[in-house]
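Nothing fancy with the numbering, it's 1 onward along the sequence. No hydrogens, no waters, no symmetry mates; every other heavy atom, side chains included, goes into these values.
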Amino acid sequence: MTRALLCAAVLAVAAPFASAATAPTYDIEDFSTAALIDKPTVMAAWKEALPTERLVKLYPKAKWGFLSQVEGGVVDGKLCVVTARVTLLPKTSPTRRFVWEPAKSSTVFDGRPVASAAECSALAQDRLKDALRSLVSSLVKS
């Protein structure tokens with residue numbers, strides 16, 4: 001009896017970790033300006049924003065992937081201009097490469113006076129998160 005309870009407890013504790021480990025991850029290409037936003041920051045934003053478990057039912061990983069692009073910078077030393085675009089793209093059948101035929105896309109623009117490049121980078125991160133929220137809301141219901 002205690003052995004059965006012990007096994008049940010172990011399975012109950014391990015189940016959430018097993019499902020998280022087997023959750024598929026999408027292919028994500030990033031073509032952002034490195035001086036504005038770095039790749040680890042972009043990938044962290046994607047990881048936080050994508051509801052993979054719900055999304056994979058509608059858009060299988062083998063057939064779909066994502067692209068992000070954050071461009072811009074400081075103009076005349078005082079104005080930060082940022083464009084953040086995220087896109088859901090299909091993949092070709094035999095090679096699984098992206099095809100530039102966006103199924104869904106979201107683009108966010110912003111411009112603000114800033115005192116430093118760090119402030120511009122923070123603005124770029126915020127606009128990327130806005131674009132991701134917009135794209136995800138068009139793909140799955142929250």
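With Ser121 contributing its side chain and Ala117 its backbone, the two residues share no donor-acceptor pair below 3.5 Å. With hydrogens and angles ignored, the 3.5 Å screen pairs no side-chain donor or acceptor of Glu48 with any backbone N or O of Ala44.
Between Ala131 and Ala84, the closest heavy-atom pair is CB-O, 3.9 Å. Shown here for Cys120 and Gly73, the closest heavy-atom pair between the two residues is SG-C, 3.8 Å.
For the pair Leu79/Val114, no side-chain contact is recorded, criterion being any heavy-atom separation below 4.5 Å from C-beta on. Taking the side chain as every heavy atom from C-beta outward, Leu67 and Ile28 never approach each other to under 4.5 Å. Taking the side chain as every heavy atom from C-beta outward, Thr83 and Val108 never approach each other to under 4.5 Å. By the 4.5 Å heavy-atom criterion applied to side chains, Thr52 and Thr25 are not counted as neighbours. For the pair Thr87/Lys104, no side-chain contact is recorded, criterion being any heavy-atom separation below 4.5 Å from C-beta on. Phe31 is not listed as a side-chain neighbour of Val70, based on a closest heavy-atom distance of 4.5 Å or more.
Put simply, CD on Glu101 and OG1 on Thr92 are 10.5 Å apart, with the number rounded to the nearest 0.5 Å. Distance CG/Asp130 to CG/Asp126: 7.0 Å, rounded to 0.5 Å. The CG atom of Leu88 sits 8.0 Å away from the OG atom of Ser138 when rounded to the nearest 0.5 Å. Atoms CD and OG, from Gln69 and Ser32 in turn, are 7.0 Å apart once rounded to the nearest 0.5 Å. Taken from NZ in Lys39 to CG in Asp30, the straight-line distance is 5.0 Å, to the nearest 0.5 Å. Summarising the geometry, atom NZ belonging to Lys129 is positioned 9.0 Å from atom OG1 belonging to Thr41; distances are rounded to the nearest 0.5 Å.
A side-chain donor from one of Thr33 and Glu71 sits under 3.5 Å from a side-chain acceptor of the other.
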Problem set entry | side chain to side chain contact (heavy atoms under 4.5 Å, CB included) assessment of Arg85 paired with Ser68 | CA-CA 6 Å; Arg85 176 174 51 182; Ser68 61; over 6 Å; no
For this session: For the pair Leu55 and Tyr26, evaluate side chain to side chain contact (heavy atoms under 4.5 Å, CB included) and give the outcome as yes or no after the intermediate values.
Result: CA-CA 10 Å; Leu55 204 60; Tyr26 282 94; 3.9 Å; yes
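Residues Val42 and Leu89 fall into different hydrophobic clusters, defined by Ile, Leu, Val, Met, Phe, Trp and Tyr side chains chained together at heavy-atom separations under 4.5 Å. Hydrophobic clustering (ILVMFWY, side-chain heavy atoms < 4.5 Å, transitive): Ile37 and Phe109 are in distinct clusters. In the hydrophobic clustering of ILVMFWY residues, with side-chain heavy atoms under 4.5 Å counting as a link, Val75 and Leu36 come out apart. The hydrophobic cluster containing Leu50 also contains Leu139, counting ILVMFWY residues as joined when their side-chain heavy atoms lie under 4.5 angstrom apart, directly or transitively. Cluster membership for Leu58 and Val86, using ILVMFWY side-chain heavy atoms within less than 4.5 angstrom, is shared.
A distance below 6.0 Å separates the ring centres of Trp46 and Phe66.
Shown here is Arg96, whose CZ atom has more than 12 heavy atoms of other residues, nucleotides or ligands within 6.0 Å.
Using a 4.0 Å cut-off between charged side-chain N and carboxylate O, Asp27 and Lys91 make a salt bridge.
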